[in-house]
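For ligands, and for the atoms within them, numbers begin at 1 and follow the listed sequence. For clarity, every value in this text was computed on a predicted model and none was experimentally measured. Reckoned from all heavy atoms, side chains included, excluding hydrogens, waters and symmetry mates.
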Amino acid sequence: MEWRVPLADLDYGIEEETAVLNVLRSKWLTMGAVTQEFEERFAHAVGAKHVFAVSNATEALHLACLALGIGPGDEVITPSLSFVATSNAVLYTGAQVRFADVIGPHDLTIDPQDIARQVTPRTKAIIVMHYGGYACAMGEIMALARRFGLPVIEDAAHAPGAFLDEKALGTWGDLGCFSFFSNKNLSTGEGGMLVTGRDDLAEKIRHQRSHGMTTLTYDRHQGHAYTYDVVDLGYNYRIDEIRSALGIAQLDKLAANNARRKAWTERYRQALAGTGLELPFQNARGESACHLMPILLPPGVDRKSFIDALRAERIQTSIHYPPTHTFTYYRSLYGAISLPRTEDIASREVTLPLYPTMGAELVDLVAQEAVRALRFQVPL
Ligand SMILES: Cc1ncc(COP(=O)(O)O)c(C=O)c1O
């Protein structure tokens, strides 16, 4: 399908090409100086004490769970309205998930009150996800986490460059996980970052990212070490220099590109106001990364026909998300769970195209076609 308006598009140019060529010419491809620079720059951008670049955010989530000592017999509270990786990371450790509902159609983030209801004696941690780059109710969530003595992991896959009360998303909790997958605000193809302010967790993550080894190949290449010990069961969750170089180039563009996303989001909101489409996050907390442009169809509208009408105009849309608790695998684990607000929202949600290089003309075109598609569905 040749989309006239794709769901997402990269802002890649000569900066990324040069960055990759420089790495290739250096002939050092695995985690080394470029990754170190990417980590330092990312740490500065989000104000984090410790940062670890990894090959994707799923690994960051897994390492975050392991660092907190989560394992068999434990439970972790997660949103079901998220990408499945948020919950899968918990299952990898042998622990179980307990799903909390979202706040409602105006705010698709996890509901602090439902988090409190899901706490049991087995609860070991809370994972929140900043849907579309919009901040969860972090003030309330951190207060209840303190009350229950629970650590918080932020799935900030959608939220690089987002802030709440001048504190970067991903740095509110004990650990934050960012994704640099191809369609994300900062793209390296595959990639991720795990951040923490806690020294005790950082030490464990440093080892577990690379087989539990005490030194890296790069340390030995530099002559800083001759051998290594293995002090923990670790993984190969390292990033490489090519992706880190892309990450640096993309980080330089992040603030400007998030500002463009915000401008297109505001334009969409104006064009779609009063049309019958519900627009979540009208009164969002803080400064969003505007990763997604979710809309909710009025109840009773056939979503597939709406999507098909846009598709006929070569406009790509998506659904964020089919809820995790409804997947066959999760039903086989937990049976039928009821999360009424998640289910209602997930049945009516459509994500419109949003990317920095989109331009006002394409935003107007998509908004116009969305309104036309809705009129076609609902006889006035
Ligand atoms: C909310 C959320 N969490 C986690 C992930 C996993 O990220 P990655 O693809 O980098 O493993 C994604 C990626 O789509 C995501 O959207």
- Task: Would you mind checking if Asp174 and Arg198 are paired as a salt bridge, meaning a charged N to carboxylate O distance below 4.0 Å?
- Result: yes
- Give a yes/no on ligand 1: does Phe178 have at least one heavy atom closer than 4.0 angstrom to it? no
- Per-atom contacts, ligand 1 versus Gly191 - under 4.0 Å to a heavy atom: 10 (O)
- Message: Under 4.0 Å from a heavy atom of Ser179: which atoms of ligand 1 are those, numbered in the order shown and with their elements?
- Response: 7 (O), 8 (P), 10 (O)
- Message: How far is atom 13 (C) of ligand 1 from the closest protein heavy atom, and which atom is that?
- Response: Lys184 NZ, 3.1 Å
- Query: What residue and heavy atom of the protein are closest to atom 16 (O) of ligand 1, and at what distance?
  - Reply: His158 NE2, 3.0 Å
- Do Asp101 and Arg117 meet the salt-bridge criterion of a basic N to acidic O distance under 4.0 Å? no
- Does the side chain of Asn258 pick up a donor-acceptor pair with the side chain of Asn185 at under 3.5 Å? yes
- Can you tell which part of Glu59 has a heavy atom less than 4.0 Å from ligand 1: side chain, backbone, both or neither? neither
- Determine whether more than 12 heavy atoms belonging to other residues, nucleotides or ligands lie under 6.0 Å from atom NZ of Lys262. no
- Quick one: does Asp240's side chain have a donor or acceptor within less than 3.5 Å of a partner on Met31's backbone? no
- May I ask you to check if ligand 1 and Glu190 share an N or O to N or O distance below 3.5 Å? no
- Per-residue contact class, Asn56 against ligand 1 - non-hydrogen pairs under 4.0 Å: both
- What protein heavy atom sits nearest atom 3 (N) of ligand 1, and how far off is it? Asp155 OD2, 2.7 Å
- Note on the structure: closest protein heavy atom to atom 5 (C) of ligand 1 is Phe83 CD2, 3.7 Å
- Has Ser82 got any heavy atom lying under 4.0 angstrom from an atom of ligand 1? yes
- Do Gln118 and Thr123 get their side chains close enough for a donor-acceptor pair, meaning under 3.5 Å? no
- Message: I'd like to know if the side chain of Glu37 reaches the main chain of Ala33, judged simply by a donor and an acceptor atom lying under 3.5 Å from each other, with no hydrogens or angles considered.
- Response: no
- Item | For atom 6 (C) of ligand 1, the protein heavy atom that lies nearest, with its residue and separation | Thr58 OG1, 3.5 Å
- Task: Indicate yes or no: does an N/O atom of Met129 lie under 3.5 Å from an N/O atom of ligand 1?
- Result: no
- Inspect the contact between Asp199 and Lys49 and indicate whether a charged nitrogen and a carboxylate oxygen are less than 4.0 angstrom apart. yes
- Query: Side chain or backbone of Tyr131 under 4.0 Å from ligand 1, or both, or neither, by non-hydrogen atoms?
  - Reply: neither
- Audit row: Glu59, Arg209, salt bridge (Lys or Arg N to Asp or Glu O under 4.0 Å) steps and yes/no: CA-CA 9 Å; Glu59 295 170 354; Arg209 171 173 60 172; over 6 Å; no
